[in-house]
There are 2 protein chains.
Amino acid sequence: MAYRETEKMRNRKAEARNRIFNCGVRCVMEGGFRSAQVTHVAQAAGVATGTLYRYFDSKEELFAEIFRSATQREVDKVAEALATEGTAVTRLEAALRQFAERALRGPTMAWSLIAEPVDPKVEAERLLYRQAYARHFEQAIREGIEEGSVPPQEARQSSTCLVGAIAESLVGPLSPAQTDAERTMSPQQQQELVESIVCFCIQGLTGTRR
Amino acid sequence: MAYRETEKMRNRKAEARNRIFNCGVRCVMEGGFRSAQVTHVAQAAGVATGTLYRYFDSKEELFAEIFRSATQREVDKVAEALATEGTAVTRLEAALRQFAERALRGPTMAWSLIAEPVDPKVEAERLLYRQAYARHFEQAIREGIEEGSVPPQEARQSSTCLVGAIAESLVGPLSPAQTDAERTMSPQQQQELVESIVCFCIQGLTGTRR
DNA sequence: ACATAAAATGAATAATGATTCACTTGTTAG
DNA sequence: CTAACAAGTGAATCATTATTCATTTTATGT
């Protein structure tokens, strides 16, 4: 026996995988999934295309993983906002803000996650991601119902409406169809946008004018 | 001069174009945009692929036109519901019902229009289509504000939230990721789904518990 | 140094589907 | 009937990209 995988090699491989993955992320951040081709990613990572395939089964697999990780960060942030102190309503409000503000801060990635046309495997991830949001919201709504700050309702349904309302409100502003000039809203405008989304959503939940 | 386009010929051509167009519609209704290939459409219409290109500049052009027409029908129905007698709130409610019920009745087409990943040109049509809905809703909201049945608010924003909430609520049920069994909801379930969407939306608009 | 095995390479291949175009067929007017 | 032109044809071509694989490079243990 003359070759056995050593620690050093394991590290180097892990590094390579990481580098590829991160370059994939960067590609998506720059031009969305559509313009992110395996050849580009490999090139950016400084490896041959063939090498990429040693680390990922297929393009779809790679981008599904990228999607998943980008998504997880976002979902975590929302979960975090929901895990603070206060009534369910306050926490939901904070979570919606978090969602919208983060999206407006990183518009290309946000658009890719929310609305860009993608391959089926990635689309499947998107479905999961939206469901993940919905489940977090749903939980908070149930808590709200329990504590009396939210009137009884189909928590599942309402949570889906929340996700839809906020996502749709962002699609327009984030869309690359807009010129960059249009996409760059003033902080003032952003603030207003977020406020009116939150307002609609909380009213929809509580049936209480605010 | 020996050949000049005659009435008969004009008709025949119009017929051919129509046939191609309609077969395109059928293809989309059956399997969505993804599975609708020019070759299929041509075959279904009983013409050669080359012929199709005498009537449509490109695949994208053809399907964008198909999308537009399918969409127009839906938007018209909503506009119709909004044009009846009654307060803005009642009319908006009727419009939301119309939207949801029609979608549940033709799930494949509805999914294609609302959520299927599509080519850029078609995606652009989708943006317009969602805006068309939003504009109709917006108008009704403004009327509601004027007549006092809806509290003052950013009508534009609220209308976008309506579109998002209803679309998102339908994506899950319509998605072909669901088995057909899952997708076939009982009329009972459909009714409940529609009710809870409408409830959330009207509350979001009016801030009044119902 | 050398044998062994894994990792990296990237040009060649495969797969998919839209689009073209040289040619055939059909239509019209004189 | 025939010249003149338009419509129709569909196999061949083109374009785009993901994926493979024969070959080269690199790492390891003796």
Side-chain angles (χ1 to χ4, degrees), chain A residues 1-21 23-24 27-28 31-67 116-123, chain B residues 1-21 23-24 27-28 31-67 116-123:
Chain A
M1 120 192 64
Y3 182 100
R4 194 112 55 94
E5 183 176 41
T6 182
E7 187 62 22
K8 176 183 144 198
M9 215 44 201
R10 231 188 321 278
N11 289 341
R12 190 187 290 188
K13 286 204 309 191
E15 236 171 73
R17 189 179 201 280
N18 256 307
R19 200 167 57 252
I20 294 169
F21 182 86
C23 289
C27 284
V28 174
F33 285 96
R34 158 159 284 259
S35 74
Q37 304 169 16
V38 283
T39 317
H40 287 169
V41 176
Q43 213 151 30
V47 299
T49 42
T51 306
L52 188 148
Y53 280 86
R54 297 196 150 265
Y55 294 99
F56 299 91
D57 283 350
S58 71
K59 177 197 162 139
E60 285 207 320
E61 213 66 57
L62 165 62
F63 285 108
E65 190 172 326
I66 287 172
F67 191 96
E116 187 185 359
V118 291
D119 293 23
K121 273 231 176 88
V122 179
E123 182 66 27
Chain B
M1 116 190 68
Y3 180 99
R4 194 109 58 88
E5 183 175 38
T6 182
E7 188 59 25
K8 176 181 144 198
M9 215 44 201
R10 232 188 319 281
N11 288 342
R12 189 187 292 189
K13 285 204 307 191
E15 236 171 75
R17 190 180 201 280
N18 255 308
R19 198 167 59 253
I20 294 169
F21 182 87
C23 289
C27 284
V28 174
F33 285 96
R34 159 160 281 261
S35 73
Q37 304 170 14
V38 282
T39 318
H40 286 168
V41 175
Q43 213 150 31
V47 299
T49 42
T51 306
L52 187 149
Y53 280 86
R54 294 196 159 268
Y55 294 99
F56 299 91
D57 283 349
S58 70
K59 178 198 161 137
E60 285 208 318
E61 213 66 58
L62 165 62
F63 284 108
E65 190 172 325
I66 287 171
F67 191 97
E116 185 185 1
V118 291
D119 293 20
K121 271 227 177 93
V122 179
E123 183 66 28

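The structure displayed is predicted, hence computed values, not measured ones. Chain letters run A, B, ... following the sequence lines, proteins first, then strands; residues in each count from 1.
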When rounded to whole Å, the OH to P distance for the pair A:Y3 and C:dA5 reads 12 Å
Residues passing the salt bridge (charged side-chain N to carboxylate O under 4.0 Å, His left out) test with B:E123, sequence neighbours excluded, are B:R126
Sorted by chain and residue number, the ring pair (Phe, Tyr, Trp, His ring centres under 6.0 Å) partners of B:F67 (sequence neighbours excluded) come out as B:F33, B:Y129
*asked:* side-chain contact (heavy atoms from CB on, under 4.5 Å) for B:F56 and B:V38? Distances and angles first, verdict last.
replied: CA-CA 11 Å; B:F56 299 91; B:V38 282; over 6 Å; no
In numerical order, the residues of residues 51-63 of chain A whose heavy atoms come under 4.0 Å of DNA chain D are A:Y53, A:S58, A:K59
Between B:Y55 and B:A16 the two heavy atoms that sit nearest each other are OH-CB, 3.7 Å
Atom NZ of B:K13 and atom P of C:dT27 are separated, to the nearest Å, by 13 Å
Sequence neighbours excluded, the answer for salt bridge (charged side-chain N to carboxylate O under 4.0 Å, His left out) partners of B:E7 is B:R10
Rounded to whole Å, CZ of A:R34 lies from P of D:dA18 at a distance of 11 Å
Rounded to whole Å, CZ of A:R4 lies from C1' of D:dT26 at a distance of 18 Å
A:R17 CZ to C:dA7 P, in whole Å, measures 14 Å
A:E7 CD to D:dG29 P, in whole Å, measures 12 Å
Per atom distances to the B:T49 side chain, the nearest of D:dA27, D:dA11, D:dT9 is D:dA11
Counting only Watson-Crick and G-U wobble pairs with both atom distances below 3.5 Å, the stems of 3 or more consecutive pairs that include DNA chain D are C:1-30 with D:1-30
Within residues 37-45 of chain A, those residues having any heavy atom closer than 4.0 Å to DNA chain C are none
Exercise. Do side-chain atoms of A:E116 reach the backbone of A:G32 as a donor and acceptor pair under 3.5 angstrom?
Worked result: no
Those residues at least two apart in sequence (or on a different chain) that pass side chain to side chain donor-acceptor pair (under 3.5 Å) with B:Q37 are none
| message | Side-chain N or O of A:K8 versus OP1/OP2 of D:dT28: is the shortest distance under 4.0 Å? | response | yes
Sorted by chain and residue number, the side chain to side chain contact (heavy atoms under 4.5 Å, CB included) partners of A:A44 (sequence neighbours excluded) come out as A:C23
Side-chain atoms of A:R12 come closest, of D:dA27, C:dA29, D:dA7, to D:dA27
Sorted by chain and number, sequence neighbours left out, salt bridge (charged side-chain N to carboxylate O under 4.0 Å, His left out) with B:E65 holds for B:R17
Q.
Walk me through whether A:V41 and A:F63 qualify under side-chain contact (heavy atoms from CB on, under 4.5 Å).
A. CA-CA 11 Å; A:V41 176; A:F63 285 108; 4.0 Å; yes
Here the salt bridge (Lys or Arg N to Asp or Glu O under 4.0 Å) pairs for residues 41-63 of chain A, sequence neighbours left out, are A:E61-A:K121
When rounded to whole Å, the CZ to P distance for the pair A:R10 and C:dA7 reads 11 Å
From CD of A:E5 across to P of D:dA27 the rounded distance in Å is 14 Å
